[in-house]
Amino acid sequence: MGTNNSTLLPHDQAHLISAETGFSPKQLQRLYTRFQGLDKRKPPSGYLTREDLLEIREVALNPLGQRLVDVMIQDHGNANRIDFRQFAAILARFRRGKPTNELNAKEKKLLFLFSMYDRNHDSEIDRNELLDILKLMVGGNIHDEQLGTIADHTIEELDADGDLTITFEEFCKTLENIDVDEKMSMKFLN
Amino acid sequence: MATTVQIFTIIGILCTPMISIAALVLTLAALNLSLGVRSLYVKLLGLVFDYATKIKQDKELSNDPDVSTDESSSVPSHTTKSTKTSAPPIVEKSDDDPIEITSQTPLISDSSRKIDDEDKSQELITTDQDQKVTRSSSQSDIQFKLGDIMHFTRQGLEAIVDDEVTKRFTSAEEMAVWNLLTRTQQQHEYFSARITLLWFLGFCVRYFLLFPFRLCLFILAILWMLGSAVFLKYFPKRDAKLRYGFYINIVLHRILSRVFSAIITYHNTEYRAKCGSICVANHTSPIDVIILSTDNSFSMIGQKHGGFFGMVQRTLSNTANHIWFERSETKDRHMVAEKMREHIKVENNLPILIFPEGTCINNTSVMMFKKGCFEITEAPIYPVAIKYDNRFGDAFWNSTKHDLFQYLILMMTSWAIVVDVYYLPPMTIEKDETSIDFARRVKAAIAKQGGFVDLEWDGGLKRALPKADFKAEEQRKFYEMLKTE
């Protein structure tokens with residue numbers, strides 16, 4: 001549980017990732033320590049797998065935990081592995097602060113949220129994908145038929161062009177009134 | 001012939017300091033006096049550490065000129081505080097708070113609880129603004145918005161960056177003041193020759209000076225224990241045995257506390273646990289027992305072991321009535337409770353010492369208390385908060401990392417164990433209060449006194465994965481939230 005033997009991030013890598021992501025070197029080092037803490041292999045492998053992230057109790061308990069990990073690893077890593085640079089890049093999207101390098105711009109957050117739904121990567125959320133998410137979130141508390149109705153309603157309301165799927169534009173439009181930046185930002189401490 | 005005489009004299013010369021110190025310690029322990037050597041030692045160490053930190057910071061400033069200067073200026077003011085400061089709360093910190101740099105600083109500020117209420121009010125506003133809210137006549141009026149995933153997504157991301165559970169089972173993170181123990185330094189960065197030299201000196205002092213003395217004292221303690229076992233055999237009468245046993249116990253633990261160079265400060269001794277009660281404390285290490293026993297004698301409760309530890313148990317049984325179980329009986333909660341009740345009924349039986357968390361936590365929080373001992377309503381509960389000061393040695397036993405023997409060696413080669421023991425006023429279960437609520441109440445009192453974070457997580461999470469019920473609970477909560485929109 002947790003390793004005391006974490007190493008420092010090499011300076012050149014630190015500067016590179018810091019420039020890319022907008023994290024300060026100190027924040028980056030702390031993230032790196034966390035990354036190493038999650039990498040429980042001996043010797044440390046330098047990447048994280050889906051299983052590593054799901055080992056975190058609070059993630060395993062989270063109804064969308066698996067889905068979140070899937071998005072991170074599949075869309076932003078390679079072959080069930082994510083290295084530190086990719087790890088920092090995803091988290092940078094949710095860093096609270098002025099958008100630097102556009103990595104934490106609102107659109108990137110929206111893209112991430114969209115891909116939580118869109119697992120077949122066809123840039124559209126169809127009924128099945130919506131149902132999947134609904135099922136994950138409410139579990140057994142609502143019957144499948146009711147879920148189906150809810151899904152249909154949602155699509156009906158939001159589908160502007162009538163193709164019974166929700167495109168990214170429609171998705172963004174519906175979230176227009178919600179301050180996504182605020183809700184999805186995390187403040188990284190030094 | 002001459003050589004053996006020489007050898008003996010040499011051994012004699014070498015052993016004299018050891019023996020004289022042992023005798024001194026024994027006298028001090030018996031009389032409950034202290035020469036103040038340890039406090040002086042600790043003060044000196046404090047100064048050395050401050051010096052080392054200053055060097056480190058000067059180095060850091062020269063390496064990284066962007067580091068804000070108010071961070072470095074705030075640290076020395078913290079280190080000159082007395083060792084008795086309680087840990088600052090961990091939740092909701094802003095990054096200009098100077099105290100936060102010591103143990104367990106979070107990686108992100110935990111505003112998820114605040115956001116929850118904002119979430120709800122936001123959702124309500126947007127629902128009102130949504131004009132075409134067509135509700136199905138037959139089904140419920142549940143509306144799902146695509147943005148509803150944000151709540152869980154954000155929580156998940158926060159957990160990936162920093163989660164509450166892992167934080168509690170690992171040793172406290174980097175400290176602003178490095179205490180010259182490489183085991184606590186997260187990164188071994190080469191700062192300067194002076195620091196490495198200091199560290200090396202420290203290493204020599206700890207391993208070659210302090211450790212042999214401590215080992216000696218440990219042997220003394222064992223001898224004392226064996227001696228007292230023999231001594232007590234001459235008193236067939238139970239009461240006489242117990243009376244002597246009480247003092248023998250305390251002296252034994254005072255010797256043991258010197259083995260670890262423990263500096264213990266007791267607060268509120270008027271609430272010391274009395275006979276016929278149950279004493280409850282937070283658990284950080286096996287040394288907790290020794291620390292508490294220097295001031296009061298307790299009845300232990302636990303499994304019967306074999307080997308060395310079993311012998312220890314049998315010897316201790318001579319000094320007082322302890323409750324030892326066969327391995328098979330521990331599962332039977334009723335039998336355990338029965339035995340405890342029997343023990344409490346007997347007058348003059350020592351208070352029972354229990355650690356309801358069930359496992360060692362790293363002294364920044366208290367985890368869920370098992371309700372077993374809180375169901376015994378006949379006895380008042382005396383809560384105790386034990387707070388360690390990490391600067392001189394981290395007392396937390398991470399049983400997944402070290403076994404007991406390694407841990408003891410680590411403890412004996414640390415600088416010192418500085419600990420505050422807070423006795424709290426007794427609590428009893430109220431009418432209509434369930435044992436679970438009572439357990440929670442006691443836990444909250446201990447957390448408040450010791451400055452710990454009060455968590456509902458089960459200590460058992462150290463080894464096992466959470467039950468599926470937890471997830472179902474989260475889902476149910478979300479469902480409820482949907483319904484109320």
Side-chain angles (χ1 to χ4, degrees), chain A residues 1-2 4 6-8 24-26 29-31 33-34 37-38 53 56-65 68-69 72 91 94 112-113 116-117 125 133-134 137-142 146 149-151 153-154 156-158 166 171 174-175 177-180 182-184 186-190, chain B residues 64 93 95 100 105-109 111 115 118-119 122 126 129-130 132 134 136 139-140 142-150 152-166 169-171 183-184 186-187 189 398 400-401 461-462 465-466 470-472 474-476 478-479 482:
Chain A
M1 266 278 175
N4 255 351
S6 52
T7 54
L8 283 178
S24 77
K26 275 209 155 180
Q29 183 52 50
R30 298 201 67 187
L31 261 184
T33 310
R34 170 67 169 172
L38 293 173
L53 289 174
I56 305 172
R57 272 63 198 261
E58 287 173 30
V59 174
L61 287 189
N62 189 317
L64 291 181
L68 175 65
V69 171
M72 283 179 76
L91 292 176
F94 303 99
F112 190 90
L113 288 171
M116 289 277 285
Y117 287 97
I125 304 178
I133 288 273
L134 275 171
M137 301 236 277
V138 295
N141 289 299
I142 305 185
Q146 213 178 334
T149 322
I150 298 175
H153 271 306
T154 315
E156 205 182 295
E157 273 186 49
L158 303 175
I166 303 177
F171 181 77
T174 188
L175 291 181
N177 294 330
I178 303 179
D179 190 355
V180 175
E182 172 63 32
K183 289 191 154 188
M184 293 298 296
M186 302 188 283
K187 188 176 183 191
F188 287 84
L189 299 176
N190 258 336
Chain B
D64 190 359
K93 285 163 137 10
D95 55 3
E100 70 162 65
T105 44
L107 285 164
I108 43 178
S109 72
S111 49
I115 295 288
E118 286 174 38
D119 252 346
Q122 277 272 14
T126 48
Q129 289 171 350
D130 269 58
K132 323 168 212 44
T134 48
S136 161
Q139 312 290 338
S140 65
I142 295 182
Q143 271 282 310
F144 175 74
K145 277 175 216 42
L146 294 184
D148 286 343
I149 59 166
M150 285 200 282
F152 284 132
T153 312
R154 188 230 171 88
Q155 276 192 339
L157 285 167
E158 280 180 343
I160 289 181
V161 176
D162 204 4
D163 73 294
E164 283 294 318
V165 179
T166 320
F169 290 125
T170 56
S171 294
R183 64 187 76 147
T184 54
Q186 288 285 60
Q187 298 100 259
E189 196 180 10
N398 191 343
T400 51
K401 245 178 115 196
L461 282 179
K462 202 161 147 184
L465 279 175
F470 272 117
K471 199 183 204 173
E474 289 291 309
Q475 288 170 330
R476 193 191 62 79
F478 180 71
Y479 167 62
L482 274 187

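Values below: all heavy atoms of this structure, side chains included; hydrogens, waters and symmetry mates excluded. If you're wondering where the values come from, they're calculated on a predicted model, not measured in any experiment. Chain identifiers are assigned alphabetically (A, B, ...) following the order of the sequence lines, protein sequences preceding nucleic acid strands; residue numbering begins at 1 within each chain.
In this structure, CG in L146(B) is found 9.5 Å from CD in E157(A), a value given to the nearest 0.5 Å. Atom CD1 of I160(B) sits about 5.0 Å away from atom CG of L53(A), to the nearest 0.5 Å.
Pairing each heavy atom of M116(A) with each of I149(B), the nearest pair is CB-CD1, 3.8 Å. The two residues V161(B) and R34(A) make their nearest non-hydrogen contact at O-NE, 2.9 Å.
Looking at M137(A), both its backbone and its side chain come within 4.5 Å of chain B, counting heavy atoms on both sides.
Looking only at heavy-atom pairs under 4.5 Å with chain B, the residue among L113(A), V59(A), L91(A) that has the most is L113(A). Interface remark: of the candidates I142(A), I166(A), N141(A), V138(A), N141(A) forms the most heavy-atom pairs closer than 4.5 Å to chain B. Note: T154(A) leads T154(A), I125(A), V69(A) in heavy-atom pairs under 4.5 Å with chain B.
Using a 4.5 Å heavy-atom threshold, the side chains of I178(A) and M150(B) count as touching. Looking only at side-chain heavy atoms (C-beta outward), Q155(B) and E58(A) stay at 4.5 Å or farther from each other.
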Checklist entry - Could you go step by step and tell me if K145(B) and T174(A) meet the side chain to side chain contact (heavy atoms under 4.5 Å, CB included) rule? => result CA-CA 8 Å; K145(B) 277 175 216 42; T174(A) 188; 5.8 Å; no

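Between the R154(B) side chain and the M186(A) main chain, no donor and acceptor come within less than 3.5 Å of each other.
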